[in-house]
Amino acid sequence: MPAIPARRRKNVLKYFVDKPTSAAAEAIRNLRTSVLLSNIDNPPKVIMSTSSIPQEGKTTQSMALALNLTGLGKRVLLIEGDIRRRIFSQYFELPNTNGLLSVLAGNLSLQDAVIRIDALGADVLIGEKAKTIAADIFSSERFAMLLETAREQYDYIIIDTPPVLAVPDARIIGRHVDAIIYTVKWDSTSHRQVREGLKAFEDVNLRVSGLVLGQINARGMKRYGYGDSYGAYHAYYAN
């Protein structure tokens, strides 16, 4: 996944809409195909996005994948599973409203809590600041029931979770999903961090569906001898 030339997160979705033939947009299409074919007999419906540490691009990837799936006419729900940081508001305007915790508390139905984001073409269930420990929230039976309800109402559910090395939330949420996408920031995240993150899932008997090498810099790739092969596809893209 190439680095997206958007200085602000609010411009990310606009970039994908305005540049449907860009290298980044094509990378998301490739990702979608890979994920949906990861289990041919039982195609994944609930997809989780995580990483080793913060700022590896997993949230941007979640947004782009949701946008891509809605472009196919699919009903998509994007869940802000990182309720500790809650950065969805940096991508699009969100009203000061209730979300995930209100549904789990029984104060709102899923249908009443979701927000329709026209730029995304999807429904979004935002996170809320919690007094309860986040790991306990995702371990609850109510969260499992919420996902079962979402499965009935949507074609795909994408959950953006915290980094696996930071907190246990991703490992807990991972028990309820069909596919786990693990993002690694190119030329930044260490091998040790990736190995430790993958082992954290392995220790709780969860299989990571695949890794995404994100925020690749084409010029920087030349330092490692990949410049020519990476640039060979340039004619197919319109950045």
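As the structure is a prediction and not an experimental result, all values here were calculated from the model.
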Side-chain ([X]) to main-chain ([Y]) donor-acceptor, under 3.5 angstrom:
X	Y	value
Thr70	Leu120	yes
Ser34	Asn30	yes
Thr50	Pro162	yes
Lys74	Tyr154	no
Arg9	Gln90	no
Glu80	Ile126	no
Ser140	Ile137	yes
Arg116	Gly121	yes

Any donor-acceptor pair under 3.5 Å linking the side-chain atoms of [Y] with those of [X]?
X	Y	value
Ser52	Tyr182	yes
Thr183	Glu56	no
Thr21	Glu26	no
Ser62	Ser49	yes
Asp169	Thr161	no
Ser109	Asp112	yes

Closest heavy-atom contact between [X] and [Y]?
X	Y	value
Leu165	Gln193	CD1-O, 3.5 Å
Leu36	Pro44	O-CD, 3.9 Å
Ser22	Tyr15	CB-OH, 3.5 Å
Leu206	Gly174	CD2-O, 3.6 Å
Leu77	Ala150	CD2-CB, 3.9 Å
Lys14	Asp18	NZ-OD2, 2.6 Å

Thinking salt bridges, do [X] and [Y] make one under a 4.0 Å N-O criterion?
X	Y	answer
Lys58	Asp160	yes
Asp203	Lys199	yes
Lys10	Glu93	yes

Just wondering, more than 12 heavy atoms not from [X] lying within 6.0 Å of its [atom1]?
X	atom1	answer
Ile87	CD1	yes
Leu37	CG	yes
Gln55	CD	no

Below 4.5 Å, heavy atoms only, C-beta onward: do [X] and [Y] meet side chain to side chain?
X	Y	value
Glu128	Ile83	no
Asp123	Val76	no
Phe201	Arg207	no
Val46	Arg151	yes
Ile47	Ile181	yes
Leu69	Arg32	yes
Phe138	Arg175	no
Met1	Trp186	no

List the steps and the verdict of side-chain contact (heavy atoms from CB on, under 4.5 Å) for Val212 and Val184.
-> CA-CA 6 Å; Val212 176; Val184 178; over 6 Å; no
With rounding to the nearest 0.5 Å, note down the distance linking [atom1] in [X] to [atom2] in [Y].
X	Y	atom1	atom2	result
Thr60	Gln215	OG1	CD	7.5 Å
Ile216	Lys185	CD1	NZ	12.5 Å
Ser89	Leu94	OG	CG	6.0 Å
Ile180	Leu211	CD1	CG	11.0 Å
Ile133	Arg84	CD1	CZ	8.5 Å

Does the pair Asp178 and Lys45 meet the rule for a salt bridge (Lys or Arg N to Asp or Glu O under 4.0 Å), with working shown?
-> CA-CA 6 Å; Asp178 306 321; Lys45 189 165 186 174; over 6 Å; no
For Gln153, side chain to side chain contact (heavy atoms under 4.5 Å, CB included) partners two or more places apart | Leu110, Thr149
Go through the steps for Lys129 and Arg86 under the test side-chain contact (heavy atoms from CB on, under 4.5 Å), then give the verdict.
-> CA-CA 8 Å; Lys129 188 174 182 179; Arg86 306 187 313 281; 3.8 Å; yes
Trace of the side-chain contact (heavy atoms from CB on, under 4.5 Å) decision for Asp41 with Asn39 | CA-CA 6 Å; Asp41 294 328; Asn39 188 337; 3.9 Å; yes
Trace of the side-chain contact (heavy atoms from CB on, under 4.5 Å) decision for Phe143 with Leu146 | CA-CA 5 Å; Phe143 180 70; Leu146 166 64; 4.2 Å; yes
What pairs with Tyr91 under ring pair (Phe, Tyr, Trp, His ring centres under 6.0 Å), at least two apart in sequence or on another chain?
-> none
